[in-house]
Amino acid sequence: MANETTEIKRFMNPVTAFWRRPLVQAFISDPVTLISGVFLALIFLAALFAPFVSPHDPTDRQLPLRHVEPFSSGVAADRSESPPAEDNRFYILGTDHLGRDMLSRLIFGGRISLGVGVLGVLVSGFLGLGLGLLSGYYRGLTDDVIMRIVDVFMSVPLLLLALIVLFILGTGFWNIILVFAIGRWMLYARVTRGVVLALREQPFVEAAKAIGAKDGRILIRHVLPNLITPLMTVAALDVPRIILTEATLSFLGFGIQPPDSSWGTMLSSGRPYITTAWWVVVLPGVAIFLTALSFNLFGVWLRAISDPLQRWRWMRTTKEAREAGVRGA
Amino acid sequence: MVRRAGHSVLVLLGLMALLFFAINVLGNPIRLLVDQDAPPETIAALEEKYGFDRPIHVRLADYFASLLTVCQLRCSPDFDKSVKYKVSARELVIDRLPNTAVLALAAWGIGMLGIPLGMLAARHPRGLFDRVVNVLTFAVVSVPEFWLALMLILLISVQWGVLPTSGFDGLGPGGWKFMVLPALTLAPRVMGRFAQITRAAMIDELSKDYVSTARAKGLGESTILYTHVLKNAAISIVTLMGDELAGFMNGSVVVEIIFAWPGLGLLLIGAINGRDLPVITASVFVIALMVMFVNLIVDFLYTWLDPRISYAN
């Protein structure tokens with residue numbers, strides 16, 4: 001009887017049911033993954049709703065208030081009225097060399113940095129997916145040609161490729177996305193090809209062929225769903241790399257150009273003031289670092305959880321896992 | 001082995017063709033050299049001088065002929081000299097190459113410490129030590145190198161005044177002071193990757209049957225770990241580190257710029273900013289050659305680590 005009541009209760013409460021799902025439990029029970037996941041959610045929300053959450057206008061210059069220290073306030077001039085009204089402002093993270101609020105600039109800069117990261121992964125992912133599908137499914141000459149091109153691209157350092165492409169095409173947001181598309185597609189092409197090569201010999205693909213399904217239908221309905229998890233794992237681990245590379249490019253002056261600014265641009269423009277105002281260099285770096293770290297840790301968890309051989313280590317509670325680890329080693 | 005080396009050469013040629021295509025077809029090399037509003041006569045004169053008025057296939061043939069025969073690294077006749085330095089681009093690059101190589105060796109030498117770290121972590125997967133190492137290694141690979149470089153300068157050079165902020169004083173004994181900070185900036189990422197790769201490879205190997213056999217016949221845990229497992233894991237470690245090398249060049253460029261270290265990266269950035277096409281071509285060629293060379297060494301290491309692998313046929 002007791003059993004039945006709990007069954008009914010679980011059925012009646014979808015929140016509890018969701019809470020008890022193994023995947024959710026695995027996510028909650030690992031503190032590192034939980035923290036990185038929550039952090040990612042927060043910065044994505046902040047970037048998405050940047051105009052609503054940023055305390056001040058990120059482009060509002062208050063020259064008398066240059067390099068205001070974090071956690072201090074200053075009297076700014078509100079230029080929306082004329083004559084400008086006095087506006088007492090509190091700067092949580094201080095101001096930069098033009099008196100712009102650092103926190104607001106970090107939030108708006110996050111839009112660009114995260115945008116480049118996510119769009120770069122999406123564009124290169126779809127390009128690699130398409131070429132990988134062609135290569136793995138049709139094999140033969142197509143495969144040879146595509147894989148040789150992959151070899152060539154694999155041996156080019158990403159930054160080198162980026163610098164050359166941006167040198168020829170000029171800088172700009174979409175050119176940077178293009179750089180990552182042509183600089184990172186090989187990863188996805190390789191993974192896709194590997195999975196497709198294994199799948200095309202499987203009985204369910206044979207069966208689909210036997211009932212007369214066309215290539216396109218087989219690829220989209222039967223092969224593609226099996227690719228989502230491996231590609232998502234690669235993508236999650238590649239976002240931080242793209243964010244770091246974009247920051248490096250912006251730092252070198254080949255990336256996002258003013259008036260737009262990413263975290264890398266902010267760091268670069270703050271560099272001359274490193275000895276007098278540490279926060280203008282430290283804070284964007286911390287933002288890049290924490291974002292990349294969270295993506296990496298979350299990506300590793302995703303990879304482990306989607307690998308049946310590793311999953312058990314993460315699914316159990318910490319103590320059990322540790323004991324199992326001791327036994328296993 | 002010859003076949004494997006031939007494959008590398010083909011990849012390298014493919015890459016150089018890509019560069020040629022990028023410079024000559026996507027962009028206009030003369031337009032990159034002159035001002036936006038240069039008169040057409042100037043452009044025509046330059047085109048004639050550097051041979052850009054010839055058909056593209058002739059230029060491509062010439063470009064490859066110069067790469068293959070004399071390694072003169074020129075985009076066209078009379079175009080092998082650096083626009084800025086007025087000396088042969090090849091000499092410039094060969095001059096800078098040792099500086100980059102020494103910095104890379106120093107960073108990778110320190111980075112090797114990641115191997116024992118990864119081995120210790122792999123002994124108890126998901127144990128406390130493993131978790132700490134896991135977060136730490138991901139932390140160091142998530143740090144932007146240019147930021148780490150600035151922080152080190154701020155702390156060690158500016159606050160404590162121990163080491164010079166930047167500069168270069170030859171590769172001899174007098175120049176070591178200038179090398180510490182660049183090497184310390186580059187090393188953590190290498191170390192983190194080494195630790196991650198070693199850990200993954202060791203865990204993978206530890207689950208194999210021969211480990212159980214070795215335990216069953218009563219071998220000590222450290223004998224198993226160091227003589228059997230590590231040797232087998234070494235193959236994966238070597239492979240993945242070969243892949244890392246191309247990524248390493250990214251950090252090297254930035255570090256050279258911040259510390260004014262006269263290596264290939266600094267040369268390349270200077271060439272890009274100065275629109276110095278011959279130097280760009282030559283640097284890209286040499287960097288690609290280096291990556292290719294290390295990959296070849298990695299492949300030959302396999303045959304030594306695992307005699308089952310052979311490139312004979």
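Note: hydrogens, waters and symmetry copies are ignored here, and every other heavy atom, side chains too, is used. Just so it is clear, the model here is predicted, and its values are computed rather than measured. Naming: A, B, ... by sequence-line order, numbering from 1 per chain.
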### Query
Between the main-chain N or O of A/Val234 and the side-chain N or O of A/Arg303, is there a donor-acceptor pair closer than 3.5 Å?
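Absent.
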### Task
Could you tell me whether the side chain of B/Glu205 and the main chain of B/Ile203 form a donor-acceptor pair under 3.5 Å?
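Here the side-chain-to-backbone pair does not exist.
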### Message
Taking side chain as everything from C-beta outward and backbone as N, CA, C, O, which of these in A/Phe153 sits under 4.5 Å from a heavy atom of chain B? Side chain, backbone, both or neither.
### Response
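When you check distances to chain B, only side chain atoms of A/Phe153 fall under 4.5 Å.
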### Message
Between A/Val32 and chain B, with a heavy-atom cut-off of 4.5 Å, which part of the residue counts as in contact: side chain, backbone, both or neither?
### Response
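The side chain, not the backbone.
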### Pick from B/Met151, B/Gln196, B/Met292 with the largest number of heavy-atom pairs that fall under 4.5 Å of chain A
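Sorted descending by pairs with chain A, the first entry is B/Met151.
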### Closest non-hydrogen atom pair between B/Val229 and B/Leu206, with its separation
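Heavy-atom minimum between the residues: CG2-CD2, 4.0 Å.
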Quick check on the interface: out of [options], who has the most heavy-atom pairs with chain B under 4.5 Å?
options: A/Ile288, A/Leu161, A/Val165; result: A/Ile288
options: A/Leu166, A/Ile274, A/Ile243; result: A/Ile274
options: A/Ala247, A/Pro240, A/Ser268, A/Gly264; result: A/Ala247

### Query
Are A/Phe251 and B/Trp147 near enough that their ring centres are under 6.0 Å apart?
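Centroid distance A/Phe251-B/Trp147: not below 6.0 Å, so no.
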Quick one: what part of [X] sits under 4.5 Å from any heavy atom of chain A, side chain, backbone, both or neither?
X: B/Val253; result: side chain
X: B/Val141; result: both
X: B/Ile287; result: side chain
X: B/Leu225; result: neither
X: B/Ile153; result: neither
X: B/Leu148; result: neither

### Task
Enter the distance from A/Ile146:CD1 to A/Leu131:CG here, rounded to the nearest 0.5 Å.
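A/Ile146 CD1 to A/Leu131 CG: 5.0 Å, rounded to 0.5 Å.
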### Message
Within this structure, what is the CG-NZ distance for the pair B/Asp204 and B/Lys208, rounded to the nearest 0.5 Å?
### Response
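So the CG of B/Asp204 and the NZ of B/Lys208 are separated by 5.0 Å.
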### Task
Could you walk me through whether A/Phe180 and A/Val121 pass the side chain to side chain contact (heavy atoms under 4.5 Å, CB included) test, one step at a time?
CA-CA 8 Å; A/Phe180 292 121; A/Val121 158; over 6 Å; no
### Task
Go through the side-chain N and O atoms of A/Ser294 and A/Thr291 and say whether any donor and acceptor fall under 3.5 Å apart.
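No, A/Thr291 and A/Ser294 have no side-chain donor paired with an acceptor closer than 3.5 Å.
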